[in-house]
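Notes for the one structure printed next.
So that the names make sense, note that chain A is the first sequence line, chain B the second, and so on, each numbered from 1. Heavy atoms only: backbone and side chains are in, while hydrogens, waters and symmetry mates are out.
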Protein chains: 4
Amino acid sequence: MSLRERKAARKKEDILRSASLVISRQGFHNATMEDIAAELLMTKGSLYYYFKNKEELLYRCHDLILSDAMDKLESIYLEKISSTEKIKKAIKVHLDIAIREKEIFNLIVKPEQLFSEAHIESIISKRDKYSGIFDEIINQGVEKGEFIIKQKKMARMIILGATNWIQVWYSPEGDFSKEEIEEIYAEYLLKMLV
Amino acid sequence: MSLRERKAARKKEDILRSASLVISRQGFHNATMEDIAAELLMTKGSLYYYFKNKEELLYRCHDLILSDAMDKLESIYLEKISSTEKIKKAIKVHLDIAIREKEIFNLIVKPEQLFSEAHIESIISKRDKYSGIFDEIINQGVEKGEFIIKQKKMARMIILGATNWIQVWYSPEGDFSKEEIEEIYAEYLLKMLV
Amino acid sequence: MSLRERKAARKKEDILRSASLVISRQGFHNATMEDIAAELLMTKGSLYYYFKNKEELLYRCHDLILSDAMDKLESIYLEKISSTEKIKKAIKVHLDIAIREKEIFNLIVKPEQLFSEAHIESIISKRDKYSGIFDEIINQGVEKGEFIIKQKKMARMIILGATNWIQVWYSPEGDFSKEEIEEIYAEYLLKMLV
Amino acid sequence: MSLRERKAARKKEDILRSASLVISRQGFHNATMEDIAAELLMTKGSLYYYFKNKEELLYRCHDLILSDAMDKLESIYLEKISSTEKIKKAIKVHLDIAIREKEIFNLIVKPEQLFSEAHIESIISKRDKYSGIFDEIINQGVEKGEFIIKQKKMARMIILGATNWIQVWYSPEGDFSKEEIEEIYAEYLLKMLV
DNA sequence: CATGAATGAGAGTTCATTCAT
DNA sequence: AATGAATGAACTCTCATTCAT
């Protein structure tokens, strides 16, 4: 990759970061291209130099965060620790991202309302892959006898639902630190599995 | 209430129902005033006779559903049954509404993005009141020794998060009936409390 | 048709007329929706109440003029006169329209550049039908021995080309009146056929 | 002319050729500076080194082709052949260019829509000069008794109109070869003059 | 010389809202 | 009470043009 290309790649990332920020603040539907550009002191026209349209930009945004989440989750999955530890760590990581990227994470919820067919498939498949790791961890735990749960899919849904919800109420100024919250969530959700 | 007023009240309800329907189908951001009117074979201009603007309409819509949920929840709260039974019933009722009114329920999640300051306070207070009943049920359970849980608020958050999330994946064509799902959810979430 | 509908139909026609005018003045590519609306003292948004988008509006515009031309041409075709008279009259009518609706007539030339697949077929078929009447007149003339020409299609092309071209140079202030020009064109082009 | 200047001149020609190509393919209104540059594997910014803006480029493009046509037409005019032969040759040459440079030739039709006042005069004067040669040929033919036609200007208009029109329908895959078409056109249009 | 990047004006389109009838 | 019609602001997107490097 040449210097030029690296610069362009960096700029693209900057834009995605800016987009994430604006979206987190205003929600996607209220985030205009102008807003996103303004955040970077650019003009909206310039965005189109890097992304062919708004959907593409949003898609990349979404993809970036989901990929990042995937990486973290996968490396937990590969660790040599008990399933109990794995699910706890997974919950914490998921909470962490859900707090940081709240709006983007919401895109994962209803991609149909925002993305056209061109992207929807890829998004859903990535989302399923992500959930799949949770399933795997739960499966292993059940096999090893660490977890006692019959409806494994449902348990995963409960876990993801509960953790995603955190965006709604979490505030850095709250009574508990992020770490404390993560610890409690992990502990409580684990009670459900054992 | 005069006949005329009763007629108008009835019409307002019709509109709210129609709005709920359209919003559930398309999401709010994709539900135009025209869509809502069309559902009732009206024209969008007429809606403004009953509601002063779109936000007002959406607010009433939201309010209606939340009030309905409140009523159901309160009557459960007042029943003479164990806290365990109460929380189970509450979870089931909440799931029921979340499934039926998925899009409207989303409004509860982030009212700031849609509602202006005129309504936001009322919405949040109603939402808090609703959550408060869950808190009460949990509190009573703990006091009576039915539940063993320290972070009661957090537990409530987990319960509401998990149940709200159901809209994302529930489909009438799925492997489980709505009743089965409700049963499993109630059972699993209860494990967390005891 | 109710009064309302008649009014709306009339308005649509007004818009088409306005569009024709603006297009004649500025060419389609330079005719914006705003220009067209301004001609009628409307705002561009209103146009969308009557036509779903610019292409649709342009298509209707084009269709109106071509249909009108068709009617005139067909009635000439059905007259009980010699082929010589018919082709003369046809040429005059065509010149007449070409002068009046110069830009719109140009649409007939290159529909591909402006219309999407939704309309292109209908346009081409109408255009072909129009040319077809010229062909018929020529055919009949040849059969009856009035015309002596081998390449009938080519002759038709020459006639239409020559007459369409008139938009380029005709001016009401020129040396000849429109009627004189039509007479001369008809006479000269006829020489080619006999 | 220095080496540098010669190089620049050559490049300018390349650009004009490329522009002609792109315009022929897409029409001017759909031919962007980017398209033209891409054809030469350049970036659009570079075009501005050679031409001060798009209009200038288009003007030169147009000028090049018209000058070329002029040259060919003039040399025919100077040949020692009958007026009949001259007009035939002129028609064929004109058809040839009209087919090859269809879109550019269209510019000749309505320069007002594309060119600003800075160029319009020069374009019209060149166009008139071009037409003037046709007039001259016709004049000579009439003087020599080869042609019998009163409205000479009108006859020239018919000829140019008919021949320009060929762009609309000519296709290399058609029933007739280009040469056959040219022959027929020349023959038929001549019938009008004699 | 050439390019990558940025700009800004303007286009088409959507939609909540208003209002005379 | 209801509607048809009109409006205007906001949005996405395009593209000729500029300019530092």
Checklist entry - For D:Asn30 and F:dC13, what is the distance between atoms CG and C1' respectively, to the nearest whole Å? => result 16 Å
Next on the checklist: Partner lookup for F:dT21, please. Criteria are Watson-Crick or G-U wobble with both distances under 3.5 angstrom; report none if nothing qualifies.
Outcome noted: E:dA2
Checklist outcome for this item: note: C:Glu5, atom CD; F:dA5, atom C1'; distance rounded to Å ~ 15 Å
Checklist outcome for this item: Here the distance between atom C1' of F:dA1 and atom CZ of B:Phe51, to the nearest Å, is 15 Å
Next on the checklist: Nearest 0.5 angstrom please: A:Leu58 CG to A:Ser20 OG, how far?
Outcome noted: 9.0 Å
Item to check | Whichever of C:Met33 and B:Lys44 has its nearest DNA chain E nucleotide further upstream toward 5' | outcome: C:Met33
Next on the checklist: Can you measure A:Ile36 atom CD1 to F:dC11 atom C1' for me and round it to whole angstrom units?
Outcome noted: 12 Å
Checklist entry - Which nucleotide in the list E:dT13, F:dT3, E:dT17 gets nearest to the side chain of B:Thr43? => result F:dT3
Next on the checklist: Check this for me, if you would: do B:Asp14 and B:Lys11 make a salt bridge, where the nitrogen-to-carboxylate-oxygen distance has to be below 4.0 angstrom?
Outcome noted: no
Checklist entry - Between F:dA5 atom P and C:Leu3 atom CG, what is the distance in whole Å? => result 10 Å
Checklist entry - Does a nitrogen or oxygen in the side chain of C:Tyr48 sit under 4.0 Å from OP1 or OP2 of E:dT14? => result no
Checklist entry - Hey, are the side chains of C:Met33 and C:Tyr48 touching, using non-hydrogen atoms and a 4.5 Å cut-off? => result yes
Next on the checklist: Check the phosphate of E:dT3 against D:Ser46, side-chain N and O only, distance under 4.0 Å to OP1 or OP2. Yes or no?
Outcome noted: yes
Next on the checklist: Below 30° counts as parallel, above 60° as perpendicular, anything between as tilted: where do the rings of C:His119 and C:Phe115 land?
Outcome noted: perpendicular
Checklist entry - With a 4.0 Å cut-off on heavy atoms, is D:Ala8 in touch with a base, just the backbone sugar-phosphate, or nothing at all? => result nothing
Checklist outcome for this item: Of A:Leu21, A:Ile23, A:Val22, the one forming a side-chain contact (heavy atoms from CB on, under 4.5 Å) with A:Asp35 is A:Val22
Next on the checklist: Nearest to the side chain of D:Lys54, heavy atoms from C-beta on, is which of E:dT13, F:dA16, F:dT12?
Outcome noted: F:dA16
Checklist entry - Counting just side-chain N and O atoms, does D:Lys11 come under 4.0 Å of either OP1 or OP2 of E:dC1? => result no
Checklist entry - How do B:Thr32 and A:Met42 order along DNA chain E: which one's closest nucleotide is nearer the 5' end? => result A:Met42
Checklist entry - Is any side-chain N or O of B:Tyr49 closer than 4.0 Å to OP1 or OP2 of F:dA2? => result no
Item to check | Between P of F:dT3 and CD of B:Glu34, the distance in whole Å | outcome: 12 Å
Checklist entry - Would you call A:Glu39 and A:Arg25 a salt bridge, using N to O less than 4.0 angstrom? => result yes
Next on the checklist: What is the separation between atom CG on C:Leu47 and atom P on F:dA5, rounded to the nearest whole Å?
Outcome noted: 14 Å
Checklist entry - Phosphate oxygens OP1/OP2 of F:dT21: is one of them under 4.0 Å from a side-chain N or O of A:Arg4? => result no
Checklist entry - Distance check: side-chain N/O of D:Tyr50 vs OP1/OP2 of E:dA2, anything under 4.0 Å? => result yes
Item to check | C:Leu41 CG - F:dT7 P separation (whole Å) | outcome: 9 Å
Checklist entry - How do D:Lys52 and B:Gly45 order along DNA chain F: which one's closest nucleotide is nearer the 5' end? => result B:Gly45
Checklist entry - Applying a 3.5 Å limit to both distances, which nucleotide forms a Watson-Crick or G-U wobble pair with E:dG12? => result F:dC11
